[in-house]
Amino acid sequence: MTMFLQFKSQVSQVLTSALEANGLEITDLSFEESIHADIASSVAFRLAPVCRKSPKDIAEMLAGSIELPKDGLIDRVETAGPYLNFFANPTFLDRTVSAIRTQGPDYGAQTGRGKVILEHTSANPNGPLHVGHIRNSIIGDTLARILKRAGYDVETQYYINDMGRQIAIVSWALEHFDFDTEKKTDHAIADIYIKANKVLNDEPDKVAEIDELMQRIEHGDPDVAERFKHAVDLSMDGVKHTLERMNVHHDSFAWESTYVRNSDVSTTIDRIKDTGRAVVDDGALMVDLTDYGFEKKLVIQRSDGTSLYTTRDLAYHLWKAGHCDRMIDVLGADHKLISGQLKAVLNALGEKEPEIVIFEFVSLPEGSMSTRRGKFISTDELLDQIDAQALVEVEKRRPDTDDEFKHNVANFVGIGAVRYDVVKVSPEKSTVFDWREALDFEKQGAPFIQYSHARACSIMANAEESGIDMAALEHDISVLVEDQEIELIKYLARFPVVIESAASDLKPHHLATYARELADSFNQFYRYVPVLNAEAPLRDSRLVLVDCARTVLAIVLDTLGIYAPKNM
RNA sequence: GGGCGCAUGGCCAAGCCUGGAUAUGGCAGCAGCCUCCUAAGCUGAAGAUCGAGGGUUCGAAUCCCUCUGCGCCCGCCA
């Protein structure tokens with residue numbers, strides 16, 4: 001158990017005993033986080049009606065009968081009006097520092113919690129990733145990293161929609177328009193996809209050609225399959241490159257067409273028919289989900305016999321259900337309804353359901369983005385602009401360094417800034433993309449956290465240069481008495497709790513918030529507490545603390561998918 | 001017409017699930033700090049009827065209801 005939870009459990013025990021001593025019993029101890037204490041309890045409010053006394057009197061009465069165990073982690077309890085404020089003792093601080101030193105990069109890591117298949121990004125291969133897609137990628141990738149640290153065996157998957165209507169259009173477009181071989185392939189695909197949509201819109205008779213392609217792919221025409229694959233590859237090559245640039249990783253790629261070819265789709269349809277929920281309407285096959293609260297039926301087969309995205313997605317989820325303990329899908333807000341229907345069908349089939357993480361849309365100041373209409377800002381363009389702007393910032397701050405250093409720093413600062421800006425916002429908030437804001441390397445974004453890490457590294461490098469062996473240092477917690485030192489250790493102690501809650505709530509932005517607070521705490525320590533100029537015994541303990549802060553900052557940054565620099 | 005989500009200083013966010021102490025940060029603007037481990041840092045002052053109205057409660061940014069505004073969605077697209 002983590003240090004903080006041990007502390008909390010001890011507080012819980014002493015408080016319960018104090019309640020018993022006064023003949024009181026209550027299940028909710030009303031713990032809360034507070035700036036006034038390490039753990040606070042407002043239980044006195046709750047007891048007021050029972051005791052017929054003021055909350056303030058009850059708090060004092062309870063505080064008076066609290067007995068602290070000698071070898072525990074609690075330093076003292078204080079009352080502040082109706083509140084009971086508990087504080088951690090030096091043992092707590094000492095064990096936190098020791099745990100970080102011993103565990104190093106494994107601090108806050110658990111193991112053996114089962115297999116998770118986490119699907120994210122899964123953008124259609126009809127063009128490059130745009131700035132809306134990266135919200136999916138960054139939330140998904142960060143979540144995967146958090147779950148790994150929380151002890152899950154995570155496999156991230158990108159589901160490639162390689163047989164949808166838009167791929168038929170791309171494939172058709174490749175035969176009718178010139179493909180710009182000078183451009184990055186995903187961008188060139190978008191160009192002809194936009195053109196094709198315009199033509200299909202102006203000349204509706206050509207739509208029949210798309211319908212024919214759809215028929216042929218459904219029936220396994222090898223020539224059409226080859227053409228589709230070529231189109232998808234061109235798009236995916238570019239997409240993969242963009243993801244790599246952002247340090248977003250997928251362990252595997254699942255191809256939609258697989259589930260048609262291996263007959264999983266027809267098996268799925270049969271299984272749904274067996275539930276007795278399938279009805280035929282105008283020649284199309286639909287599922288009745290009214291008992292799940294869905295008014296309209298879900299179409300799973302067109303009247304021409306071809307399957308739909310939903311059907312293939314169901315087959316895909318059935319496959320996933322058989323290969324993991326938990327499925328997690330990161331999806332855009334437009335998938336809310338369909339993912340609910342998907343869960344309902346899986347439930348009706350008696351199968352595991354995915355946990356859905358929904359994020360709201362990113363729009364442009366002039367309106368929503370659309371690949372089809374060519375209204376989007378590509379992620380590549382954003383990354384290029386960010387990189388250029390980051391270089392300007394490095395030039396300004398480190399003019400004395402060489403070009404390689406500057407470009408290197410600009411790169412990790414830029415990527416970090418993008419990832420942090422996206423992940424720090426809670427997913428249910430819709431956002432508007434703004435160039436001025438995107439290129440503003442505001443304080444307390446990723447560079448702020450990276451900088452804190454670099455500062456910690458710098459202190460350690462200087463120490464080692466002067467002949468100090470970091471690994472051999474001993475620490476004495478009793479000499480670390482400054483507020484900034486104690487605050488910093490308390491923040492370090494919270495890390496495992498933050499990972500656990502981010503993992504269980506599937507909320508990566510909690511980690512982003514923590515990262516900023518930790519960096520903040522370290523920067524205050526850095527400003528007020530001299531390390532290398534301190535007297536030897538004190539200096540050694542402070543160096544150990546710097547090492548711990550560096551370790552945790554590095555873990556946090558890594559879990560956010562952001563590079564932790566030694567120098568910047 | 002129905003469903004889901006969002007609304008917090010001039011701007012952008014956290015907090016809301018699980019009600020509790022002067023609502024937490026950043027940006028912009030104001031006033032300061034490098035003879036001291038990297039100033040991408042630190043400090044201070046200023047700035048908020050937490051969309052509106054009602055309700056529950058000893059107590060509401062947080063829970064419930066109504067309304068307004070914005071985004072997304074509502075059977076053979078994905």
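All chains are named by letter (A, B, ...) in the order of the sequence lines, taking the proteins before the strands, and each is independently numbered beginning at 1.
- When distances run from any side-chain atom of A/Glu360 to the nucleotides B/A78, B/A40, B/G71, the shortest one goes to B/G71.
- Along RNA chain B, the nucleotide closest to A/Thr310 and the one closest to A/Ser368 are compared, and the more 5′ of them pairs with A/Ser368.
- Other residues, nucleotides and ligands contribute over 12 non-hydrogen atoms within 6.0 Å of the CD atom of A/Glu366.
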Polar-atom pairs under 3.5 Å, protein N or O versus N or O of nucleotides 15-21 of chain B: list them with distances, or write none.
from  : atom 1 : to       : atom 2 : distance (Å)
B/G15 : OP1    : A/His509 : NE2    : 2.9
B/G20 : O2'    : A/Tyr83  : OH     : 2.1
B/G20 : N7     : A/Arg46  : NH2    : 3.0
B/G20 : O6     : A/Arg46  : NH2    : 2.9
B/A21 : O4'    : A/Tyr83  : OH     : 3.1
B/A21 : N6     : A/Ser34  : OG     : 2.9
B/A21 : N6     : A/Asn85  : OD1    : 3.0
B/A21 : N1     : A/Asn85  : OD1    : 3.3
B/A21 : N1     : A/Asn85  : ND2    : 3.2

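- Note on A/Arg398: a base of the nucleic acid sits closer than 4.0 angstrom, heavy atoms only.
- Distance CD (A/Gln524) to P (B/C37): 19 Å, rounded to an integer number of Å.
- Side-chain nitrogen and oxygen atoms of A/Arg302 include at least one within less than 4.0 Å of the OP1 or OP2 phosphate oxygen of B/C77.
- Relative to the side chain of A/Ile338, the nucleotides B/A78, B/C37, B/C76 differ in distance, and B/A78 lies closest.
- More than 12 non-hydrogen atoms from other residues, nucleotides or ligands lie less than 6.0 angstrom from NZ of A/Lys406.
- Contact check on A/Asp291 versus A/Arg277 returns a salt bridge, with a Lys/Arg side-chain nitrogen under 4.0 Å from an Asp/Glu carboxylate oxygen.
- For the pair A/Arg455 and B/C42, the criterion of a side-chain N or O lying under 4.0 Å from OP1 or OP2 is not met.
- With a 6.0 Å cutoff to the six-membered ring centre and a 45° limit on the axis angle, A/Arg494 does not count as a cation-pi contact of A/Phe4.
- A/Met568 places its CE atom 9 Å from the P atom of B/G41, with the value rounded to the nearest Å.
- Atom C1' of nucleotide B/G41 and atom NZ of A/Lys396 are separated by 15 Å, given to the nearest angstrom.
- Ranking B/C37, B/A78, B/G41 by closeness to the A/Asn523 side chain, first place goes to B/G41.
- Among the heavy atoms of the strands lying under 4.0 Å from A/Ala333 are primed sugar atoms or P, OP1, OP2 only; no base atom is included.
- Using C1' as the reference atom, B/C36 and B/C42 are 13 Å apart when rounded to the nearest Å.
- With rounding to whole Å, A/Met163 atom CE is found 13 Å from B/C77 atom P.
- With sequence neighbours excluded, no residue forms a salt bridge (Lys or Arg N to Asp or Glu O under 4.0 Å) with A/Glu218.
- The distance between atom CZ of A/Phe433 and atom P of B/C11, rounded to the nearest whole Å, is 20 Å.
- The phosphate of B/C12 (OP1 or OP2) has no side-chain N or O of A/Gln444 nearer than 4.0 angstrom.
- Distance A/Asp421 CG to B/C12 C1': 10 Å, rounded to the nearest Å.
- The separation of B/A61 from B/C16, taken at their C1' atoms, amounts to 7 Å, rounded to a whole angstrom.
- If you check distances only, the side chain of A/Ser430 never reaches the base of B/C6 with a donor-acceptor pair under 3.5 Å.
- Remark: A/Arg455 is positioned above the aromatic ring of A/Tyr526, its terminal NZ or CZ atom under 6.0 angstrom from the ring centre and at most 45 degrees off the axis.
- Within 4.0 Å (heavy atoms only), A/Val279 reaches no atom of the nucleic acid at all.
- To the nearest whole angstrom, the two C1' atoms, one in B/G54 and one in B/A60, are 13 Å apart.
- In this structure, the nucleotide among B/C27, B/C72, B/C76 sitting nearest to the side chain of A/Asp282 is B/C76.
- The side chain of A/Arg527 contributes no N or O atom lying less than 4.0 Å from OP1 or OP2 of B/C37.
- Paired runs in RNA chain B that reach 3 or more consecutive Watson-Crick or G-U pairs, where each pair keeps both distances under 3.5 Å, cover B:1-7 with B:68-74, B:10-13 with B:24-27, B:30-33 with B:41-44, B:51-55 with B:63-67.
- Proximity of A/His133 to A/His130: side-chain heavy atoms (C-beta onward) are separated by under 4.5 Å at one or more points.
- Note on A/Gln450: nothing from the nucleic acid sits closer than 4.0 angstrom, heavy atoms only.
- A close approach under 4.0 Å does not occur between any side-chain nitrogen or oxygen of A/Asn533 and OP1 or OP2 of B/C37.
- With rounding to whole Å, A/Tyr528 atom OH is found 6 Å from B/C42 atom C1'.
- Considering A/Lys429, A/Lys336, A/Arg135 as possible partners of A/Glu360, the one that fulfils the salt bridge (charged side-chain N to carboxylate O under 4.0 Å, His left out) test is A/Lys336.
- B/G51 has its base anti relative to the sugar, with a glycosidic angle deviating from 0 by more than 90°.
- Considering only side-chain atoms of A/Tyr309, the nucleotide from B/C42, B/A78, B/C76 that sits closest is B/A78.
- Picking from B/C72, B/G75, B/G5 the nucleotide with the shortest atom distance to the side chain of A/Lys336 gives B/G5.
- Taking atom P in both B/U24 and B/U66, one finds a spacing of 32 Å when rounded to whole Å.
- Summarising the local packing, NZ of A/Lys490 is surrounded by more than 12 heavy atoms from other residues, nucleotides or ligands at distances under 6.0 Å.
- Here B/C74 is the nucleotide among B/C74, B/A14, B/A40 with the atom lying nearest to any side-chain atom of A/Leu337.
- When heavy atoms are screened at a 4.0 angstrom cut-off, A/Val43 is found touching no nucleic acid atom at all.
- Here A/Lys296 lies in heavy-atom contact (under 4.0 Å) with sugar-phosphate atoms only.
- Between A/Trp435 atom CH2 and B/C11 atom P there is a gap of 24 Å when expressed in whole angstrom units.
- Within 4.0 Å of A/Val425, counting heavy atoms only, lie sugar-phosphate atoms of the nucleic acid but no base atom.
- Side chains of A/Asp520 and A/Tyr491 form no contact here, defined as non-hydrogen atoms less than 4.5 Å apart.
- Using a 4.0 Å heavy-atom criterion, one finds that A/Val546 contacts no nucleic acid atom at all.
- The residue A/Phe294 sits apart from the nucleic acid: no heavy atom pair falls under 4.0 Å.
- In this structure, A/Phe433 has its ring center at least 6.0 angstrom away from the ring center of A/Phe361.
- Nucleotides B/G15 and B/G26 have their C1' atoms positioned 15 Å apart, rounded to a whole Å.
- For the P atom pair drawn from B/A40 and B/U35, the interatomic distance equals 16 Å after rounding to whole Å.
- If A/Val299 and A/Phe441 are placed on RNA chain B by their nearest nucleotide, the residue sitting closer to the 5' end is A/Phe441.
- Residue A/Lys424 places its NZ atom among more than 12 non-hydrogen atoms of other residues, nucleotides or ligands, all under 6.0 Å distant.
- Across all strands shown, A/Asp313 has no heavy atoms under 4.0 Å from either base or sugar-phosphate atoms.
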